[in-house]
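Taking it in order: structure first as structure tokens, then the write-up.
The figures here come from the full heavy-atom set of this structure, side chains too, leaving out hydrogens, waters and symmetry mates. Throughout, residue positions are numbered sequentially from 1 according to the sequence presented. Indexing begins at 1, ligand by ligand and atom by atom, following the structure's order.
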Amino acid sequence: MEDISKGLEPFRIPIEDTHHLGSFLLYITDSIFPDGTPVTTYEPESSSADGESDEDSTNETYTCSCVANHDDHPSVNICTVENGATCDCVSDFGNFYYMPSGNCDDHKDIDRQLLNLEALPERLPLVECSPICPCSGNCANRLTQRGVLISTTIRPSSSGVGLGLFYISTTHDDLPQGCFVSLYAGEYLTTDQARQRWSNQRVHEEGQGNHILSLKLPGKTWHIDPRFKGNIGRFLNHSCDPNCVIQIVRWGIDSLPRAAIFTKRGVRVGEELTFDYANASGSVDLAAQLDRQNVIEDGAGRTKCLCGSQKCRGWMPFDETL
Ligand SMILES: [Zn+2]
Ligand SMILES: [Zn+2]
Ligand SMILES: [Zn+2]
């Protein structure tokens, strides 16, 4: 079977059926702008023409100064909470990753890190070390920068419509809660650009998938469109009772925010991975609100939800904002 990532991810991601890829054109491991430039090239406050400028617009890039002493301790991880006092990134923004005692697939240690969802305050973006922090390889604060490290495959969705992303494993271990799945990569659109695309194309024409995810930040909203260019994140279907959530993560405080998919609960081998399109971050308040809405809405003009979960709200959400 073909590897959808064409060798760009650390492990092959087989796809069973390449005939139903719809508008998908290109696999990317990280998001890009519509002109093809990587979002890594984004420079935060070089333009004061953007209206309100951020509180402190220093031109220096924020980094820690942690370096691993490979000669003495080749396997010691740095930028952890334990040595947070010496790491500026961790002391200023925290590190919500931890090493499990069990398994998160069987790859090298630092890749088995999990996100402590319980300790992370709701809606707080994760701030990892920046790609230009000197810590690199042994840094314990870069979980989402290492590509897709769990075994997945793309095959027809359990709902019967379109394709879905499934967790497979050679070790037969379940994925624990807080396991990093992948980024939600796509083209970063401004609201104007997103509107233009919406008016050109019907959003739901290809079944449940290919969802534009909106990241609402103070003063600006970015829309991640994975329909034409994206990674495996675009194959996660909607569920009203999902096994994954999406967290905003920054690679350095002055980077553009990215969306990262983590398991919300344990995931069995062979299970399809899903998130809630109406409540991607898994907000408790929003979940309660959606449950209430479900009672009063009649679903006129909406797409039927096929998630099949016991908590199914009946209809696909229109849009959501993180
Ligand atoms: Zn550090
Ligand atoms: Zn750092
Ligand atoms: Zn670091």
Under the salt bridge (charged side-chain N to carboxylate O under 4.0 Å, His left out) definition, can you give me all pairs with a residue in residues 11-28, not counting sequence neighbours? Glu16-Arg155
Could you tell me if the side chain of Ser5 sits less than 4.5 Å from the side chain of Asn231, heavy atoms only? no
Ring pair (Phe, Tyr, Trp, His ring centres under 6.0 Å) involving Tyr97 - partner list, sequence neighbours excluded: none
Can you find a side-chain donor-acceptor pair between Glu2 and Thr18 that sits under 3.5 Å? no
Pairing residues for Ala119 by the side chain to side chain contact (heavy atoms under 4.5 Å, CB included) criterion, not counting sequence neighbours: Phe96, Asn116
Heteroatom count (protein N, O or S) under 2.8 Å of the Zn ion (ligand 1): 4
With side chains defined as the heavy atoms from C-beta onward, is the minimum distance between Asp241 and Gln310 less than 4.5 Å? no
